[in-house]
Amino acid sequence: MTLDLANLTVQAKAGDREAFISLVKQLENSLYYMAKSMLGKEEDVADALQETILKAYKSIHSLREPQFVKTWMFRILMNECNSILSRRSQTVVYAEVPESASLSNEYDKVDLREAVERLEEKMRIVVILHYFEDLPLRQIASVLEISESAVKMRLARAREALLKVFTINQEGTINYG
């Protein structure tokens, strides 16, 4: 039986290494997906995750409210991702430029996660945090250091963009636009 995140956090704050490892294991898929969404490159994702876990381990004692550990970890991760992005060269290697994929009809036939991946980064991040990670608007605003109304606006724009990708016919099945 798994302990909930808040209990694991309390134990980790008290110096329990196994509790910290369990905490990281419960969050690792969510953290990975967010880092992958922001960075794309596996080696950058690995670096961001490693730094995030190390920083979290070193400073878990400073976390005041254990129930917000997920929000706290996402903030650390996003800061690491932004740091990596700012260090990244502005030049694009020719091999990384996709061949004219947009001409393919198959390219438009994507599932929801793929459609979310194609959103602008600001919208993509709020969608992932709200719908895939179940964070409330207040916590998303805290992670991103923006207002709740800005989060709501980004979610609304993201939903609008996703609706353009997917249309639902009268039988209730999804057709890709």
Side-chain angles (χ1 to χ4, degrees), residues 1-93 96 111-155 158:
M1 182 172 174
T2 336
L3 294 171
D4 70 325
L5 294 178
N7 287 339
L8 285 173
T9 304
V10 169
Q11 292 174 9
K13 282 182 69 164
D16 184 339
R17 287 183 180 169
E18 292 302 316
F20 183 80
I21 291 168
S22 295
L23 180 68
V24 169
K25 283 182 179 179
Q26 285 192 29
L27 295 174
E28 72 183 335
N29 287 337
S30 298
L31 293 170
Y32 171 84
Y33 183 69
M34 178 57 72
K36 180 73 173 163
S37 175
M38 289 182 72
L39 300 171
K41 296 180 181 178
E42 286 295 329
E43 57 273 13
D44 289 342
V45 170
D47 289 346
L49 290 173
Q50 184 175 12
E51 282 300 311
T52 298
I53 292 166
L54 181 61
K55 286 182 178 179
Y57 183 74
K58 286 182 176 179
S59 61
I60 191 134
H61 65 277
S62 68
L63 178 62
R64 282 182 240 138
E65 299 183 54
Q67 70 270 25
F68 297 125
V69 67
K70 190 173 184 179
T71 304
W72 180 71
M73 291 279 286
F74 271 111
R75 177 177 279 167
I76 295 170
L77 176 69
M78 293 179 75
N79 287 339
E80 285 304 314
C81 290
N82 287 330
S83 177
I84 289 169
L85 289 171
S86 69
R87 287 192 305 260
R88 211 184 255 178
S89 167
Q90 294 299 318
T91 58
V92 177
V93 178
E96 292 177 6
D111 68 7
L112 182 58
R113 275 231 196 249
E114 290 172 6
V116 169
E117 285 298 322
R118 292 167 56 182
L119 290 172
E120 174 188 323
E121 182 178 353
K122 288 180 177 185
M123 290 188 288
R124 183 175 64 239
I125 289 170
V126 295
V127 166
I128 291 169
L129 291 174
H130 187 63
Y131 292 110
F132 297 158
E133 299 305 326
D134 295 323
L135 288 183
L137 299 178
R138 186 182 80 246
Q139 288 183 29
I140 296 169
S142 173
V143 167
L144 299 177
E145 298 176 337
I146 59 175
S147 68
E148 280 188 54
S149 61
V151 172
K152 290 176 186 176
M153 189 180 309
R154 289 181 188 183
L155 281 172

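All figures in this text were calculated on a predicted structure; none of them were measured in a lab.
- Among all heavy-atom pairs drawn from Ala6 and Pro66, the shortest one is O-CB, 3.8 Å.
- The CG atom of Leu85 sits 7.5 Å away from atom CG of Asp44, with the distance rounded to the nearest 0.5 Å.
- In terms of heavy atoms, Glu18 sits closest to Asp16 at N-OD1, 3.0 Å.
- Residues Phe132 and Met34 are not in side-chain contact: their nearest non-hydrogen atoms beyond the backbone lie 4.5 Å or more apart.
- By the salt bridge (Lys or Arg N to Asp or Glu O under 4.0 Å) test, Glu145 pairs with Arg75, sequence neighbours left out.
- With a 6.0 Å cutoff to the six-membered ring centre and a 45° limit on the axis angle, Arg138 does not count as a cation-pi contact of Phe68.
- Using modelled atom types, no side-chain atom of Ser83 and backbone atom of Asn79 make a donor-acceptor pair closer than 3.5 Å.
- With hydrogens and angles disregarded, no donor-acceptor distance shorter than 3.5 Å links the side chain of Lys70 to the backbone of Leu5.
- Contact annotation: the side chain of Phe74 approaches that of Glu133 to within less than 4.5 Å [non-hydrogen atoms, C-beta and beyond].
- To the nearest 0.5 Å, the span separating CD1 on Ile76 from OG1 on Thr71 amounts to 11.0 Å.
- Within the 4.5 Å cutoff, side-chain heavy atoms of Val69 are placed close to those of Met73.
- For the residue pair Glu117 and Ile128, the shortest heavy atom distance occurs at OE2-CD1, 4.4 Å.
- Shortest non-hydrogen contact noted between Ala12 and Ala19 is N-CB, 3.8 Å.
- Partner Leu39 forms a side-chain contact (heavy atoms from CB on, under 4.5 Å) with one of Val45, Asp47, Asn82 and no other, that one being Val45.
- Crowding of Lys122 atom NZ: a count of heavy atoms from other residues, nucleotides or ligands under 6.0 Å not exceeding 12.
- Atoms CD and CG, from Gln67 and Asn7 in turn, are 11.0 Å apart once rounded to the nearest 0.5 Å.
- No side-chain heavy atom of Thr9 sits under 4.5 Å from any side-chain heavy atom of Trp72.
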Q | Full working for side-chain contact (heavy atoms from CB on, under 4.5 Å) between Leu137 and Leu155 | A | CA-CA 10 Å; Leu137 299 178; Leu155 281 172; 3.4 Å; yes
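- Leu129 has its side chain out of reach of Val151: every pair of non-hydrogen atoms, C-beta onward, lies at least 4.5 Å apart.
- Residues Ile84 and Lys41 form no side-chain contact, since every pair of their non-hydrogen atoms from C-beta on lies 4.5 Å or further apart.
- Within 6.0 Å of atom NZ in Lys36, more than 12 heavy atoms from other residues, nucleotides or ligands are found, so the atom counts as buried in its surroundings.
- The shortest distance between side-chain heavy atoms of Leu144 and Arg154 falls below 4.5 Å.
- Panel note: side chain His61, backbone Lys13; no donor-acceptor pair is recorded below 3.5 Å.
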Only pairs under 3.5 Å count here: list side-chain donor-acceptor contacts from residues 48-57, not counting sequence neighbours, and write none if there are none.
unit_1: Thr52; atom_1: OG1; unit_2: Ala48; atom_2: O; d: 2.7
unit_1: Lys55; atom_1: NZ; unit_2: Glu80; atom_2: OE2; d: 2.4
unit_1: Tyr57; atom_1: OH; unit_2: Arg17; atom_2: NE; d: 3.0

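- Within the 4.5 Å cutoff, no side-chain heavy atoms of Leu31 are placed close to those of Val24.
- In this structure, Ala158 and Val127 approach most closely via the heavy-atom pair CB-CG2, 3.3 Å.
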